[in-house]
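None of the values given here were measured: they were computed from a predicted structure.
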Amino acid sequence: MLQRRLAFVIALFVLPALPAGAAMELLMFEQAGCIYCARWNEEVSPEYAKTSEGRLAPLRRLDLHGELPPELTIARSPAFTPTFVLVVDGVETGRIEGYPGEDFFWVLLDDLIGKAGGTVAK
């Protein structure tokens with residue numbers, strides 16, 4: 001937790017490396033009764049928006065069975081929950097299928113952000 005707080009403070013002084021005007025967002029496809037969604041909500045959600053990842057890629061929650069908003073383009077429909085899809089300017093750049101636990105989630109998300117051209121301060 002201390003590491004995440006330190007990263008937050010450092011990130012306040014570091015600008016992301018995305019191209020000017022690019023908008024990054026993390027989509028979370030979820031459904032009622034999903035125990036792994038509940039674990040993510042308990043373990044990650046309370047701090048997500050406060051992290052450098054959360055500021056760089058704000059979270060948007062979507063129902064697995066709902067319609068995909070027209071401004072979004074993803075490679076394929078998620079099959080199970082949670083599925084996290086990173087989009088830049090509304091287009092999928094990568095995804096995490098399932099929730100592997102808090103420690104692995106952050107590593108996988110940082111990797112997706114880096115591959116999409118973002119920089120996460122640590």
Side-chain angles (χ1 to χ4, degrees):
M1 187 63 142
L2 179 62
Q3 224 176 8
R4 292 221 116 6
R5 288 184 182 163
L6 181 59
F8 172 73
V9 172
I10 292 170
L12 289 175
F13 302 101
V14 178
L15 294 175
L18 284 174
M24 188 177 281
E25 191 174 27
L26 182 65
L27 310 176
M28 178 183 179
F29 289 88
E30 57 189 339
Q31 64 181 330
C34 170
I35 60 171
Y36 294 103
C37 298
R39 276 190 54 209
W40 189 90
N41 285 329
E42 180 181 311
E43 298 172 358
V44 177
S45 183
E47 67 184 76
Y48 184 78
K50 301 172 190 172
T51 65
S52 54
E53 294 90 344
R55 285 188 316 283
L56 186 59
L59 182 69
R60 185 194 314 192
R61 294 171 181 267
L62 298 169
D63 187 295
L64 177 69
H65 305 292
E67 291 291 321
L68 186 68
E71 71 274 10
L72 298 174
T73 303
I74 61 174
R76 64 189 185 287
S77 296
F80 54 89
T81 56
T83 295
F84 301 91
V85 178
L86 187 69
V87 295
V88 175
D89 292 334
V91 178
E92 179 176 347
T93 61
R95 66 175 56 199
I96 301 168
E97 295 179 311
Y99 176 60
E102 183 177 8
D103 293 336
F104 289 112
F105 173 80
W106 291 113
V107 171
L108 294 171
L109 180 58
D110 289 353
D111 184 55
L112 286 182
I113 289 172
K115 287 178 181 176
T119 300
V120 178
K122 291 292 175 187

Atom pair CG/CZ of N41 and R61 - distance to nearest 0.5 Å: 4.5 Å
Partner residues of F84 under the ring pair (Phe, Tyr, Trp, His ring centres under 6.0 Å) criterion, sequence neighbours left out: W40, F105
By salt bridge (charged side-chain N to carboxylate O under 4.0 Å, His left out) - contacts of E67 (at least two apart): none
Chi angles and distances behind the side-chain contact (heavy atoms from CB on, under 4.5 Å) call for L64, F80: CA-CA 8 Å; L64 177 69; F80 54 89; 5.8 Å; no
Within-4.5 Å side-chain heavy-atom neighbours: L108 and P100: yes
Side chains of E30 and T81, donor plus acceptor under 3.5 Å: no
Does [Y] offer a backbone N or O that forms a donor-acceptor pair with the side chain of [X] under 3.5 Å?
| X | Y | result |
| --- | --- | --- |
| D111 | V107 | no |
| T93 | V88 | no |
| R95 | R76 | yes |

Under-4.0 Å salt bridge between R60 and E71: yes
Electrostatic pair R55-E53, nearest N-O below 4.0 angstrom: no
For R39, all residues meeting side-chain contact (heavy atoms from CB on, under 4.5 Å), sequence neighbours excluded: Y36, E43, Y99
